[in-house]
Amino acid sequence: MSDPFYITSAIAYPNGKPHIGHAYEAIATDAIARFQRLNGREVCFVTGTDEHGLKMDQTARGLGRETRDLADEMSSYFKQMCATLDISADHFCRTTADHHHKASQAIWKRLEANGDLYLDRYEGWYSVRDEAYYDEAELTEGEGGQKLSPQGTPVEWTVEESWFFRLSKYEKPLLDFYAENPEFIRPDSRKNETVKFVEGGLKDLSVSRTSFDWGVKVPGSENHVMYVWLDALTTYISAIGFPDDTEEWRKFWPASVHIIGKDIVRFHTVYWPAFLMSAGLPLPKMVFGHGFLLSRGEKMSKSLGNVVDPMALAELFGVDALRYFLLREVSFGQDGSYSPEAIVTRVNADLANSFGNLAQRTLSLIYKNCEGYLPAIHGHHADDQALLELVGNAVSKQIPAHFDDLAMSQALETWMQAVFACNAYVDMQAPWALKKTDPQRMETVLATLFICIAQLAIAVQPIIPGSATKLLDQMGVPEDVRNFANAGSHWYSPLAEGGFQIAQPQGLFPRLELPAEEEGGA
RNA sequence: GGCGAAGUAGCUCAGCUGGUUAGAGCGGUGGAAUCAUAAUCCAUAGGUCGGGGGUUCAAGUCCCUCCUUCGCUACCA
């Protein structure tokens, strides 16, 4: 088990409860992590919550609560979401943890030691009401020449003491890095945006705040807290031990991939690598900016009232159904659309009808006609060979290649084609008819199907771990076979000859029904 | 405004470096089968590949232009 694979999702900003976008990212990241484990890599998967910053502080104050208290509560919802959705994270990190503060201060000191931090003044148009600075170009002019923020609140020219990071110094190194590492930013559209942005020139970055104190204290400037992003990004290294020289740190850094939303690509592809360069640390190998989930093609927002609670969806349709839908229907990297009809249609067609029914009809035939004992193989026909080859090729080559490329929807498309081939094979061979005409042939056909179904279940584990495991359990497939390296090994005959007997098969993928329409609007 | 992405069958989308009759799934239609979660399999549905122009022996696939939608254009995260 060498070849470490370190993957992170973004750490969520918990000033609200988790929404479907958080669930989507967690599920996608989890599927990749699970795939790599089954692919023989030693995996570390980190997720968590990013709890500092102005907004958390404001939200808590608005509720009349202690910020820390609110953070504890909100973070727990995200942790709970991970548990519910079968997210196999190795570490759930909170930026409020002591070790994380220590790590953030350590990286700060490294930037400082490298001469990249200097104290200056941040000047700009500041809205007291929004507690935010705005660019001149964003402002509008109200009555009497009063300058207004995009939110329509008054702004005034404000000067604040701030530490700056010499981001400008890294313009060239970053561009060189992008050029030398074409896979660093994916998909390409995000890379273009980033390159153009950096080519446009980088200004030094204000990396401390004095206007609030909910954050990591700047070493030596106790009235400053660190810019939230500097602290948040540090999670990726503090999670595995930094600044301590731990075994995990040595094994897993630099990260294999950071999975993030397309809205925070810049922080991960400009600021983060610049910070790391300054700190003298290796850079992550890849940053992948996935798309957004739209509700019937529209952005989800509180004002539109179309925000979807992922817990409710999991409750309604099942965790694996939700996971399958999101990863099959949405091309990873692009925006995707969600609707109850779409999930019901997709899950019924693929999981219930095609794959679930394939397993059910095959296992039922074995249960009824072979007393549950796995049938012997009496020499394969060309049809059997063709199917075994098609499924074997999909499971051992094509599907892992797609997963490795983070193309989960394509992996599943390939998977479905193999499922279709199995169904076509069942119909053509008609083992129920062979029962009377050629029992031995029936046994071979059922054995062939059993092998294929097991392989398909093994391959789909990263997507629907719960159901796949249940099916493999029903089928008695040994643990050490349940990975990409061994799925195609010679495990069937030993299992059959060992006298394994299946119980009466239980359907694992129930057909979904469209939930009844909500009554009356208003 | 600048830069970029996208516009392909009713729906959701594949189509890499240009090359035989433009593909898949879902839906629709017609058959077959009855082992199975009324699931499955086979066949099929006549889309000027956003409009126009151009390059080429050959363009959905390259160039120009127009239309439409979307993203980025730094200090909330």
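Residue numbers start from 1 in every chain, and the chains themselves are labelled A, B, ... in the order their sequence lines are given, proteins ahead of strands. No experiment lies behind these values; they were computed from the predicted model shown.
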Looking at every strand, decide which applies to A:Thr345 at a 4.0 Å heavy-atom threshold: base, sugar-phosphate, or nothing.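 Sugar-phosphate contact only.
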
Please work out if A:Ala424 contacts a base, only the sugar-phosphate, or nothing of the nucleic acid, heavy-atom cut-off 4.0 Å.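 Sugar-phosphate contact only.
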
With pairs defined as Watson-Crick or G-U wobble and both distances under 3.5 angstrom, please note down RNA chain B as a dot-bracket string, | for pairing with another strand. (((((((..((((.....[...)))).(((((.......))))).....(((((..]....))))))))))))....

Does any residue of residues 227-237 of chain A have a heavy atom under 4.0 Å from RNA chain B, and if so, which ones, in number order? A:Tyr227, A:Val228, A:Trp229

Show your reasoning for whether side-chain hydrogen bond (donor to acceptor under 3.5 Å, both in side chains) applies to A:Asn223 and A:Thr210. CA-CA 6 Å; A:Asn223 59 325; A:Thr210 55; 6.0 Å; no

Is there a donor on the side chain of A:Lys196 or the base of B:rC72 sitting less than 3.5 Å from an acceptor on the other? no

Pairs of donor and acceptor atoms involving the side chains of residues 261-276 of chain A, under 3.5 Å and at least two apart or interchain, shall be tabulated with distances.
unit_1, atom_1, unit_2, atom_2, d
A:Lys262, NZ, A:Asp335, OD1, 3.0
A:Lys262, NZ, A:Asp335, OD2, 3.0
A:His268, ND1, A:Ile264, O, 3.0
A:His268, NE2, A:Tyr236, OH, 2.7
A:Thr269, OG1, A:Thr194, OG1, 3.4
A:Thr269, OG1, A:Val265, O, 2.8
A:Trp272, NE1, A:His258, NE2, 3.2

Can you tell me if A:Thr49 and A:Ser75 form a side-chain donor-acceptor pair at under 3.5 Å?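 Yes - a donor-acceptor pair under 3.5 Å links their side chains.
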
Regarding A:Thr96 and A:His100, is there a side-chain donor-to-acceptor distance under 3.5 Å anywhere? no

Between A:Phe165 and A:Tyr227, is any pair of side-chain heavy atoms under 4.5 Å apart? no

Nearest to the A:Leu202 side chain among B:rC76, B:rA74, B:rU40, which nucleotide is it? B:rA74

Would you please indicate if the ring centroids of A:Phe332 and A:Phe288 are separated by under 6.0 Å?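 So the answer is yes for these two rings.
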
